[in-house]
Number of protein chains: 2
Amino acid sequence: MADRPDGTGGIQSLDQALRVLVALARRKRAASLSELARDCGMPTSKVHRYLASFLNAGFVRQAERSGKYDLGPASIETGLSALNRHDFVNRAADALPGLAADTGLTALLCVWGNFGPTVVRWERAASLVAASLGLGTALPLLTSATGRVFLAYLPEAVTAALRRKELAEAATSGREFDDIGPDEAGVHALAETVRAAGHAAVDGRYIPGLVAMAAPVLDWQGQAQAVVTLIGTDPRAIAKDAPALGQMKVFCAALSITGPGGAPA
Amino acid sequence: MADRPDGTGGIQSLDQALRVLVALARRKRAASLSELARDCGMPTSKVHRYLASFLNAGFVRQAERSGKYDLGPASIETGLSALNRHDFVNRAADALPGLAADTGLTALLCVWGNFGPTVVRWERAASLVAASLGLGTALPLLTSATGRVFLAYLPEAVTAALRRKELAEAATSGREFDDIGPDEAGVHALAETVRAAGHAAVDGRYIPGLVAMAAPVLDWQGQAQAVVTLIGTDPRAIAKDAPALGQMKVFCAALSITGPGGAPA
DNA sequence: AAATGCTTTGCATATTATGCAAAGTTTTGT
DNA sequence: ACAAAACTTTGCATAATATGCAAAGCATTT
């Protein structure tokens with residue numbers, strides 16, 4: 001056991017102990033000693049001693065009667081502390097210039113404000129500037145890629161008011177939506193499509209000369225905490241096989257909190 | 001090192017390593033190696049090796065540029081997994097959207113964390129979004145409805161540290177509390193008032209434009225294991241005869257562990 | 001009541017964590 | 001811009017300690 005390519009300079013017993021803790025976290029319910037030992041491929045006595053330490057520190061609780069092991073209050077407190085520092089807006093904002101540089105597109109970070117999708121950070125690429133887009137700008141819900149992602153990843157009640165407003169305006173102005181039905185049913189279908197794809201994209205139909213695509217930064221309730229948007233002029237930039245699409249989704253996935261079950265290596 | 005009355009049968013290196021993790025969790029921000037070493041009274045080399053293991057397991061993240069250490073995604077996942085095992089969180093989470101819909105207000109579920117009242121679930125209503133409120137956000141103890149319920153329904157020892165801190169801050173900043181005395185006696189009286197009413201409410205005094213009310217979810221010892229909070233913009237929503245108040249209290253009563261028989265596994 | 005499965009503890013050995021000190025790296029001061 | 005200080009990271013010898021086996025409790029089952 002000489003070479004650990006990446007896992008250098010750690011404490012072996014601690015590595016093993018943490019494997020036990022994540023094994024317990026992966027299970028949905030309390031687990032018995034032997035179950036955990038089997039999961040980790042370790043002798044029961046070893047796991048038992050690890051659990052004793054976790055128990056003393058409060059990371060693990062032992063059920064009074066059954067003797068099974070479960071996660072304890074210290075695990076909750078540590079997790080909440082970690083969550084507390086997870087500031088989506090700032091974390092995303094720090095990384096936004098990198099995304100803009102990698103893709104060569106203008107990158108936007110939006111949150112849901114009182115008037116709908118609101119731009120809070122924006123990183124322009126070399127080529128173009130959408131002059132009308134400034135900080136605090138509110139974007140449309142139904143006709144922007146950003147808005148459509150919020151539509152798909154926020155509760156209906158939240159978006160209801162703006163939804164109705166934009167539908168009514170579309171009706172009175174006579175301007176129909178090209179790619180969606182002009183009623184609530186059409187909006188539902190749109191949201192479903194966005195959820196299935198994991199992102200939204202619009203071509204120059206609504207904002208002539210501009211193409212955009214957007215993806216959500218999700219919290220662990222599966223709701224959109226923020227939306228990241230890429231804007232360009234070239235329609236090929238938002239094609240399904242465009243590299244920028246993949247980069248954007250990776251970017252968002254890295255910022256999203258993966259709930260229990262999602263286990264990256 | 002002969003007698004450890006209660007801490008029997010553990011792994012010493014693991015005990016020490018976990019002390020480092022909780023030291024990191026107790027800090028509000030990312031910490032440097034030497035800070036942690038000082039906190040724990042350990043040599044830096046030791047702490048560094050522990051952190052290397054935590055890093056490999058994902059419990060700790062290292063900031064790209066500063067090199068400081070912070071809690072990582074595995075900490076979040078483990079904590080959320082621990083939260084999900086408490087039945088009351090799940091039951092509350094299932095019912096929370098209904099409460100938000102019925103009242104038309106934003107509904108919050110909070111538990112007590114390292115930094116005080118901490119948001120673990122929230123359901124936004126149509127009308128408003130408090131942008132600064134997210135999962136894992138820590139709320140003030142004395143000036144939020146949520147915090148005041150914890151103050152009233154948790155042992156004094158639990159809230160003591162935060163109580164002193166907020167009182168001291170109020171004293172130095174010169175900002176007096178409007179509705180409570182600026183000392184421990186005033187805090188005691190406040191807690192008594194909350195207990196008598198069974199809930200707490202604040203108007204826009206502390207958070208301009210926002211009104212909130214909160215009630216406890218009690219365990220079998222009569223302590224708050226969680227607090228449910230409703231937030232709105234209309235002061236009439238938190239009036240004594242407002243329907244939302246009754247709905248919230250019914251909601252909490254249903255979640256509270258009533259008599260014997262509600263024995264979790 | 002005997003037996004099975006599970007959890008917990010003793011103990012000798014070898015693995016491995018430890019602390020010191022030096023090398024490497026970034027930040028601060030002049 | 002250079003020097004100095006502070007901090008982070010790594011090597012190494014030694015002593016501490018984690019490990020695995022096996023036996024002893026303990027509860028539930030047949």
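Chain letters run A, B, ... following the sequence lines, proteins first, then strands; residues in each count from 1.
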Grab the CD-P distance between B:E35 and D:dT8 for me, whole Å please. 8 Å
If only side-chain N and O atoms of B:S34 are considered, is one of them under 4.0 Å from the OP1 or OP2 phosphate oxygen of D:dA6? no
So for the helix from C:dT8-D:dA23 to C:dA22-D:dT9, with five pairs setting each end axis, what is the inter-axis angle to 10°? 60°
Which pair of heavy atoms, one from A:A107 and one from A:L99, lies closest together, and at what distance? CB-CD2, 4.5 Å
Rounded distance (Å) that lies between atom C1' of D:dC7 and atom CG of B:L36: 13 Å
Any side-chain N or O of A:Q62 less than 4.0 Å from the OP1 or OP2 oxygen of C:dT8? yes
Whole-Å gap separating C1' (C:dT18) and CD (B:Q12): 12 Å
For residues 149-162 of chain B, which side-chain N or O atoms pair as donor and acceptor with protein atoms under 3.5 Å away, sequence neighbours left out?
unit_1: B:E156; atom_1: OE2; unit_2: B:H188; atom_2: NE2; d: 2.5
unit_1: B:T159; atom_1: OG1; unit_2: B:E156; atom_2: O; d: 3.3
unit_1: B:T159; atom_1: OG1; unit_2: B:R163; atom_2: NH1; d: 3.1

Set of side chain to side chain contact (heavy atoms under 4.5 Å, CB included) partners for A:A92, sequence neighbours left out: A:L109, A:L255
To the nearest angstrom, how far is B:D15 atom CG from D:dA16 atom P? 18 Å
Within the 3.5 Å criterion, strictly below it, is a donor on A:T44 or A:S34 matched to an acceptor on the partner's side chain? no
Would B:Q223 and B:L218 count as a side-chain contact (heavy atoms from CB on, under 4.5 Å) if you check the C-alpha gap in whole Å, the side-chain angles of each, and the deciding distance to 0.1 Å? CA-CA 5 Å; B:Q223 296 185 6; B:L218 300 174; 5.9 Å; no
If every non-hydrogen atom of A:Y69 is compared with every non-hydrogen atom of A:L24, which pair is closest and at what distance? O-CD1, 3.6 Å
By a strict heavy-atom criterion of less than 4.0 Å, which residues belonging to residues 38-50 of chain B are in contact with DNA chain C? B:P43, B:S45, B:K46, B:R49, B:Y50
Can you name the closest pair of heavy atoms from B:C110 and B:L139 and give their distance? SG-CD2, 4.3 Å
Contact list for DNA chain D against residues 23-33 of chain B - heavy-atom distance below 4.0 Å: B:S32, B:L33
Salt bridge (charged side-chain N to carboxylate O under 4.0 Å, His left out) with B:D39: which residues, sequence neighbours excluded? B:R27
For B:K165, enumerate each residue passing the salt bridge (charged side-chain N to carboxylate O under 4.0 Å, His left out) test, keeping only those at least two apart in sequence or located in another chain. B:E169
Starting at atom CG of B:L51, determine the distance to atom P of D:dT9, rounded to an integer number of angstrom. 9 Å
Value in whole Å for how far the P atom of C:dA17 lies from CG of A:L14: 9 Å
Can you tell me how far P of C:dT27 sits from NZ of B:K68, to the nearest Å? 11 Å
Summary of salt bridge (charged side-chain N to carboxylate O under 4.0 Å, His left out) pairs that have at least one residue in residues 73-86 of chain A, sequence neighbours excluded: A:R85-B:D70
Is it the case that the side chains of A:T146 and A:T229 hold a donor-acceptor pair, with the cut-off being a distance below 3.5 Å and no angle test? yes
Hey, does the side chain of B:Y69 come within less than 4.0 Å of D:dC7's phosphate (OP1/OP2), counting only N and O? no
What pairs of nitrogen or oxygen atoms, one from the protein and one from nucleotides 26-29 of chain D, lie under 3.5 Å apart?
none

Who passes side chain to side chain contact (heavy atoms under 4.5 Å, CB included) against B:L167, sequence neighbours left out? B:L142, B:F177, B:E184, B:V187
Run the side chain to side chain contact (heavy atoms under 4.5 Å, CB included) test against A:R61 and tell me which residues pass, sequence neighbours left out. A:P73
A:Q16 atom CD is separated from D:dG20 atom C1', nearest whole Å, by 13 Å
Listed by chain and number, what are the ring-ring contact (aromatic ring centres under 6.0 Å, His included) partners of B:H86, not counting sequence neighbours? B:F88
